[in-house]
Amino acid sequence: MTSTTIAELLAGCELGPVQSVGRMQVVPLLADPAPAADEFVAPPACRTATTAYGTLVFDNPHEQPLLVPCHAGFVVCQAAQDHAMAHAALVAGNSSAAFDTALCVQETQGGTIAAGEHAMVILPFPLREPALAVRDRRGYNRLWPAVRAFNAGVGLQAVANLAVFFGHFAQELDRFVAEFESLDGQVGAVVLADGGVLGVERTPSVAYWETLWAPLLRGCYGAEMIRRQQIGAPARPPATRVPLDTTRAGSLEEVAGALDAADRAERRLTHDRIAEVERLPLKADDAGGRQVDRARLETVHGWRFVGQVLRRGGRVVYASLVARGG
Amino acid sequence: VAASITDLTTSAGQAPAVVDVVRGFLDVATAAGGRATFYNTTAEQLAVEASAHTGMLKLDRGVYAAVLAGPGVTDRARQVGARLLLDRPWTAAAATLFDEPAETMLLGRMAAALPVPRRLKLFGDLASGRVNNARARKLILRQILGEERLEWWCVRYRTKLETALAHAWGQRTVGILRGVLGKPTATRTAVETALLARLVDRWAPGRDPATVHECVGFALGVEDGLRLPLLVAYHQAKANLPAGARLPYETLDRIRSTFHRGSSWTSADVLKLTAGQLTGSQRLQLDRRAAELGVDVALDLGDAGYDATRLYLYALARGLTAEVAEALQARAARTGARLPLGARHVGLVLDGSASMAGGATQPLRPLAVMLALRDAVAAACEQVTEIWCGGHPDDGGLVRPAGATALAGGLLAALAAAPDLIVLVTDGYENAPAGRTAEVLAAARRLGIGTPVVQLSPVVAAEASGVRGVAEQVPVLPVHRPEALELAWVRLLLDVDPVAAARALVRLASLATPGLLEVPA
């Protein structure tokens, strides 16, 4: 077991200009220079299937290794049981791999998922810590209690079926995805909600990030924003938002000054909030599984965050951490 | 005419609801493409579209038809509208502007204004939707059998034609016609000749009956005794591909993949063979591929068929050449001349953020629309101050979408230039941070700066409120292409003067319906 920090996991990235909509803020992680070569491919470019309840299979036809992001899920339009991964995973180039630690997220439907390039979602934020907690066990139904509680919490039937959630809130989630934009050179993001850091996402390349960003927004963080809204969490502007104060502005130049000051203050507040957590100690365990092309997965956990990290040759290329107690 | 429009917009107690319906319809008629956008799925778009069309139809059938026959609406809106009008019988109670023959004439004009594939798609929709009344049948037969380029249609859209004709005539009649048209002309009986006159010739006045008969027979599957050059080429190309050199590219390529499978002929060979037959839009679509293959398919940029948005899409894909820039300038001058901006100074704040890249099905379209709008507005006014928010210039003199949506600084810069009007061109999804533009505008108003600000949105989102506005106090107009700007101004007017907006609507509709409408004073 080794120790690490979020600061170390984000080494080589800069914090970009904050994007703020409603209770959520996104601070882009910009790599300079942005990794040009795509070291890893993401699941939508590979064929995915379930061969048994609790077993997800990935077929990687590419030269590069496939990096299955932490808690990737597949909610498909088939008479088949939707599944998600309990952890991140690696699949070597031009090969297939089966993971029998996968989680069923649709108790109301039988059948296995036929192989195909299926759209990917990331598990809703409140399910990610419970999913990671059962990553080493077997049993396809071990996330059902958490999914039932999640659906009930957002006002839906208490059934372990994520398709119900994604169907019911499809329009809200679509709109939510549209609110935030990827920047040039962006490889990740720190996500804040109601003024607190909710998650840290870093990916190997700009291309990988562009593949992962919409599933993360829709499935993980968008779901959490909906949950907070549904449980009636006050929708006050977070403390890290700074309204434009023009009460003393007597000209457009002074409004411009106030605008600049508000933007700088908002950036400082969000960066301060990130600074508060980036030195917190995290313990890192080998996540098991096969080493692929000198890349190895670790599971990290601390009192505030849990998640998984991928290092290649000692360099962090992927990290996905979520705040505990979601 | 004026009275009915006035009734429409001023009925006590109903006016706000009525204006909402008209507003929603204009949003859809000028911008919706029935396809997925950066923000919404196709299903969501279709649901909003259907609701807007039926709402307006119920409200006032005459205004609905007039707007769809006028300039500035999308082909998609015309297609949906024509189907809806044909599906719901005209009644005196529902009509305010037109009697039934006039509406039928309008329907004919609406259909004729559609590009051929969309027109045939409309006929296909009528068939699949079982819309089979006398008006629908007449429209199909007049449009197809009276078509000057029927021979070309036959080789390019043979299956679609057969579907449409079978819907109009019925399968039994089609079977009879197939038998009659399969016989040599000299062997047809008097009864058969009379049948052709009644079923075919009456819909093709002024056309050579023998040509029309051969085309109809071909569309229905007859390939014996062909003499028309394109039909002969089609038939011969099945055995000898180069014999089809005069056919459309897609047609010959389809023959290649069906009848020459396993041969050495490739799609590139077909492109070389048919380079001289490419239509204007095909030249735009295939230009990159042709260049790779060394095939000369020189663009005719003088063709009015390429609108500014398409030219910008072409330029974004292939680079902005001096020739294309000149063509764009000509388009902008033409569109700008119709806009009532006069001697004004306009501040243009342009959103170049990442979302302007659009959806996967129509990449870069919002950006292309925005660039075309910019040109049209700039051409229409005396002075323009152009401010970009996000985006970065490329090597070819164009802009590529990039970055977050931060418009507040751009608005401030535009206000500082003291223009007569500020036009924000953005999808309205502000995020750096959300609401900042509204805060800046409120601050400017407190300072007594009353410069009017409007928003043009180059996409339409499937939301209950229509397109996304960047600030509550800024009227927002969806615009699909610069040609729709006039209609967009009407939409803007709806918020401040519904009666004037309704009159302006009729004026616009009258441009496409000369003699049918009187323009109110």
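Note that the structure is a prediction, hence the values are computed from the model and not measured. Proteins get letters first, then strands, A, B, ... in listed order; numbering begins at 1 in each. Heavy-atom basis, side chains included; hydrogens, waters and symmetry copies ignored.
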- request: Determine yes or no for a side-chain-to-main-chain donor-acceptor pair under 3.5 angstrom, with A/T48 supplying the side chain and A/P44 the backbone.
  value: no
message: If I compare all heavy atoms of A/F40 with all of A/Y208, which pair ends up nearest, and what's the gap?
response: O-CD1, 3.8 Å
query: Where does A/V255 contact chain B at under 4.5 Å (heavy atoms): side chain, backbone, both or neither?
result: both
field: Side chain / backbone / both / neither for B/L447 at chain A, heavy atoms under 4.5 Å
entry: side chain
query: Top residue by heavy-atom pair count (under 4.5 Å) with chain B, among A/T247, A/V26, A/L252, A/D184?
result: A/L252
query: Taking all atoms of both residues into account, what is the closest heavy-atom pair of A/Q230 and A/V154, and its distance?
result: NE2-O, 3.1 Å
message: Does any backbone or side-chain atom of A/A258 lie under 4.5 Å from a heavy atom of chain B? Answer side chain, backbone, both or neither.
response: neither
field: Residue, of B/A443, B/G448, B/A406, B/A444, that accumulates the most heavy atom pairs under 4.5 Å with chain A
entry: B/A443
Contact origin within A/P28 toward chain B - heavy atom pairs under 4.5 Å: neither
field: A/D263 versus chain B, the contacting section by heavy-atom distance below 4.5 Å
entry: both
- request: Using a cut-off of under 4.5 Å on heavy-atom pairs, state which of B/G409, B/S353, B/A432 scores highest against chain A.
  value: B/S353
task: To the nearest 0.5 Å, tell me how far B/L367 CG sits from B/L313 CG.
output: 8.5 Å
message: Keeping B/Q455 on the side-chain end and B/R468 on the backbone end, is there a donor-acceptor pair under 3.5 Å?
response: yes
message: I need the minimum non-hydrogen distance between A/S320 and A/E201, along with the two atoms involved.
response: OG-OE1, 2.8 Å
- request: For the pair A/R236 and A/D194, find out whether any cationic side-chain nitrogen is under 4.0 Å from an anionic carboxylate oxygen.
  value: no
- prompt: Which region of A/A249, side chain (C-beta onward) or backbone (N, CA, C, O), has a non-hydrogen atom less than 4.5 Å from a non-hydrogen atom of chain B, or is it both or neither?
  reply: backbone
message: If I measure from the heavy atoms of chain B, does A/E266 come under 4.5 Å with its side chain, its backbone, both, or neither?
response: side chain
Neighbour count >12 (heavy atoms, 6.0 Å) for atom CD, A/E14: no
field: chain B contact via A/L244 - which portion, at a heavy-atom distance below 4.5 Å
entry: both
